[in-house]
Amino acid sequence: MKKPLKIGHRGAKGHIAENTLESIEKAMELNVDGIEVDVHKCASGELVVFHDFTLDRMTNGMGEVSKHTLSELKKIKVDGQYAIPTLEEVLNIIDRKCILNIELKGKDTALETCNVVTHFMNTKGWTAEDFIISSFQHHELETVFKINANLRLAILTKASVTDALEFANTINAYAIHPNVALVTRENVKRAQKEGYKVITWTVNDVQTIQRMKTYGVDAIISDNPDRL
Ligand code: G3P
Ligand code: CA
């Protein structure tokens, strides 16, 4: 049986508050092959690593992430103790020790993501193979493709593998990222035959992890990468 790559979801969400530098460090301690994080553009233009569109669930702040400047966001605490990191801080801490899957979660995140990624490729030895850029938003992926066709793009879907594959062809995608509930042995084979990697999420229970392994997926995104 092929061994899928281990990808920590939002760092190691099952261990430490999601999308924090501490969670990312924990994932690396657990020997992941990659880490997935979400990005939004804040009001002062920088990319911050955060999942929700609003601050309310995870922090002591309130309101939309995109309406706050970076200096405002830096005063806010995630889960009572952690800071909201910028994408650059995440790249610095990962320092090419594993792959980084950047999910373009917020609106208008493609251009600034390309800027950050290009800066790290030009100045810090990162290569296109060190990144996967994924999104549910086709428009953001198309923008990345227009800026740099060499970056590895991935289509997130929780609705249809067939639709994801159709779109994948138009942006020369590297992978499709289907929700685990969509994955079958047949559609994994089909996607791989068409030339795409299959990276599924979010798989936390050992029985489902095992089933995904027997289907031959290329990577699994998990809150508990230690179970992979
Ligand atoms: O990238 C996989 C997964 O993170 C997508 O869903 O809501 O956890 O960002 P979500
Ligand atoms: Ca995500």
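Residue numbers start at 1 and run along the sequence shown. Atoms within a ligand are numbered from 1 in the order they appear, just like the ligands themselves.
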Tell me whether Glu103 has any N or O atom under 3.5 angstrom from an N or O of ligand 1.
yes
Can you list every pair that meets side-chain hydrogen bond (donor to acceptor under 3.5 Å, both in side chains) and has a residue in residues 45-55, with sequence neighbours left out?
Arg10-His51, Ser44-Glu46, Asp52-Arg57
Within the distance-only criterion (no hydrogens, no angle test), does the side chain of Lys6 pair as donor or acceptor with the backbone N or O of Ala219 below 3.5 angstrom?
no
Side chain to side chain donor-acceptor pair (under 3.5 Å) partners of Ser23, counting only residues at least two apart:
none
Less than 4.0 Å between a side-chain N and a carboxylate O, is that true for Lys74 and Glu89?
yes
Phe120 side, atom CZ; Leu91 side, atom CG - distance, nearest 0.5 Å:
4.5 Å
Do Glu64 and Phe53 have side chains that get closer than 4.5 Å, going by heavy atoms?
no
For the 3.5 Å polar cut-off, considering only N or O atoms, please tell me whether Glu36 and ligand 1 meet it.
yes
Is there a donor-acceptor contact under 3.5 Å from the side chain of Asp130 to the main chain of Thr127?
yes
The Ca ion (ligand 2) neighbourhood, protein N/O/S only, threshold under 3.0 Å
Glu36 OE2, Asp38 OD1, Glu103 OE1
Quick test of your reading: applying side-chain hydrogen bond (donor to acceptor under 3.5 Å, both in side chains), list the pairs with at least one residue in residues 135-155, sequence neighbours left out, ordered by first then second residue.
Arg152-Tyr174
Using a strict cut-off of 4.0 Å, indicate which atoms of ligand 1 neighbour a heavy atom of Arg10.
7 (O), 8 (O), 10 (P)
Strictly below 4.0 Å, N to O, side chains only: are Lys189 and Glu186 in salt-bridge contact?
no
Is Lys105 in polar range of ligand 1, meaning some N or O pair under 3.5 Å apart?
yes
So which heavy atom in the protein is nearest atom 6 (O) of ligand 1, and how far is it from that ligand atom?
Trp201 CZ3, 3.5 Å
Ligand-residue contact atoms, ligand 1 with His9, heavy atoms, under 4.0 Å:
3 (C), 4 (O), 8 (O)
Salt bridge or not between Glu194 and Arg190? Use side-chain N to carboxylate O under 4.0 Å.
yes
Going by the 4.0 angstrom heavy-atom rule, the piece of Asn101 near ligand 1 is neither
Give yes if a backbone or side-chain nitrogen or oxygen of Asp38 is under 3.5 Å from a nitrogen or oxygen of ligand 1, and no if not.
yes
How far is atom 7 (O) of ligand 1 from its nearest protein heavy atom, and which residue and atom is that?
His51 NE2, 2.8 Å
